Amino acid sequence: QLQLAESGGGLVQAGGSLRLSCAASGIRVSINRMGWYRQAPGKQRELVATITSGGTTNYADSVKGRFTISRDNAKNTVYLQMNILNPGDTAVYYCNADLGYGLWGQGTQVTVSS
């Protein structure tokens with residue numbers, strides 16, 4: 001069964017850091033693009049960052065310089081290191097894998113207190 005499992009969310013104070021992980025299981029081929037999206041209450045889901053199997057990255061302007069996406073291709077795992085967090089980063093963070101269609105994880109809550 002194809003699935004993505006996120007972990008690493010939680011509650012952190014403004015200025016703090018968190019690291020999210022997303023492991024893909026049931027997938028026997030290398031995934032070209034993996035990424036992170038987030039959805040805050042009352043808002044649409046938005047791109048945070050993506051990374052290809054070759055290491056090409058793309059970031060939302062709001063997180064550039066604070067967040068770093070990386071991946072372990074052998075494990076089909078993607079990470080999101082989030083630094084200098086602020087309350088505006090509070091959201092449910094979703095992992096996504098591009099398999100020709102979008103496979104989504106269940107999401108992990110990130111809450112940043114002021």
Side-chain angles (χ1 to χ4, degrees):
Q1 182 178 358
L2 305 180
Q3 62 180 4
L4 301 175
E6 300 111 332
S7 61
L11 174 64
V12 64
Q13 289 187 333
S17 299
L18 284 174
R19 187 181 190 231
L20 305 182
S21 299
C22 171
S25 59
I27 300 171
R28 299 185 177 185
V29 297
S30 177
I31 303 171
N32 179 29
R33 181 178 288 104
M34 299 185 73
W36 291 94
Y37 292 72
R38 66 187 182 186
Q39 187 166 17
K43 295 186 177 181
Q44 291 186 329
R45 191 171 298 188
E46 63 178 6
L47 168 74
V48 176
T50 62
I51 185 169
T52 68
S53 57
T56 299
T57 58
N58 179 49
Y59 294 93
D61 287 343
S62 60
V63 306
K64 284 180 180 177
R66 300 188 298 123
F67 292 10
T68 302
I69 190 170
S70 60
R71 65 186 286 175
D72 182 333
N73 289 331
K75 297 180 180 180
N76 273 338
T77 299
V78 64
Y79 307 95
L80 185 68
Q81 177 66 42
M82 305 185 294
N83 298 327
I84 317 175
L85 285 159
N86 62 63
D89 297 315
T90 295
V92 178
Y93 284 69
Y94 295 92
C95 180
N96 174 270
D98 181 4
L99 302 174
Y101 63 92
L103 178 66
W104 294 93
Q106 292 298 309
T108 185
Q109 177 70 46
V110 172
T111 302
V112 184
S113 63
S114 57

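Numbers for residues simply follow the sequence, beginning at 1. In this text the structure is predicted, and so the values were computed from the model without any measurement.
When the salt bridge (Lys or Arg N to Asp or Glu O under 4.0 Å) test is applied to Arg66, the partners found at least two apart in sequence or on another chain are Asp89. For Lys64, the salt bridge (Lys or Arg N to Asp or Glu O under 4.0 Å) partners at least two apart in sequence or on another chain are Asp61.
Atom OG of Ser113 and atom CG of Leu85 lie 10.5 Å apart (nearest 0.5 Å). Taking CE of Met34 as the reference point, atom CG of Leu103 lies at 8.5 Å (rounded to 0.5 Å). Between atom CG of residue Asp72 and atom OG1 of residue Thr77 there is a gap of 6.0 Å, rounded to the nearest 0.5 Å. Atom CG in Asn73 sits 6.0 Å away from atom OG in Ser53 (nearest 0.5 Å).
Under the 4.5 Å side-chain heavy-atom criterion for Ile, Leu, Val, Met, Phe, Trp and Tyr, Val112 and Leu80 are members of the same hydrophobic cluster. Linking ILVMFWY side-chain heavy atoms closer than 4.5 Å, directly or via other members, places Leu20 and Val12 in a single hydrophobic cluster.
When all heavy atoms are compared, the tightest approach of Tyr37 to Thr50 is OH-CG2, 4.3 Å. Counting all heavy atoms, side chain and backbone alike, Ser17 lies closest to Ile84 at OG-N, 4.4 Å. Summarising the geometry of Ala40 relative to Ala91, their closest heavy-atom pair is N-CB, 3.8 Å, with the distance given to 0.1 Å.
Judged purely by atom type and a 3.5 angstrom limit, Glu6 has no side-chain atom pairing as donor or acceptor with the backbone of Thr108.
Under the 4.5 Å side-chain criterion, counting only non-hydrogen atoms from C-beta, Leu4 is not in contact with Trp104.
For the salt bridge (Lys or Arg N to Asp or Glu O under 4.0 Å) condition, the pairs that include at least one residue of residues 95-112, sequence neighbours left out, are Arg33-Asp98.
With a 6.0 Å radius and a threshold of 12 heavy atoms from other residues, nucleotides or ligands, Glu46 has its CD atom above the threshold.
By the 6.0 Å and 45° rule, Arg71 does not stack over the aromatic ring of Tyr79. In this structure, Arg38 fails the cation-pi test against Tyr94, since its NZ or CZ atom is not both closer than 6.0 Å to the six-membered ring centre and inside 45 degrees of the ring normal.
Outside the 6.0 Å centre-distance limit, the rings of Trp36 and Phe67 are not counted as a close aromatic pair.
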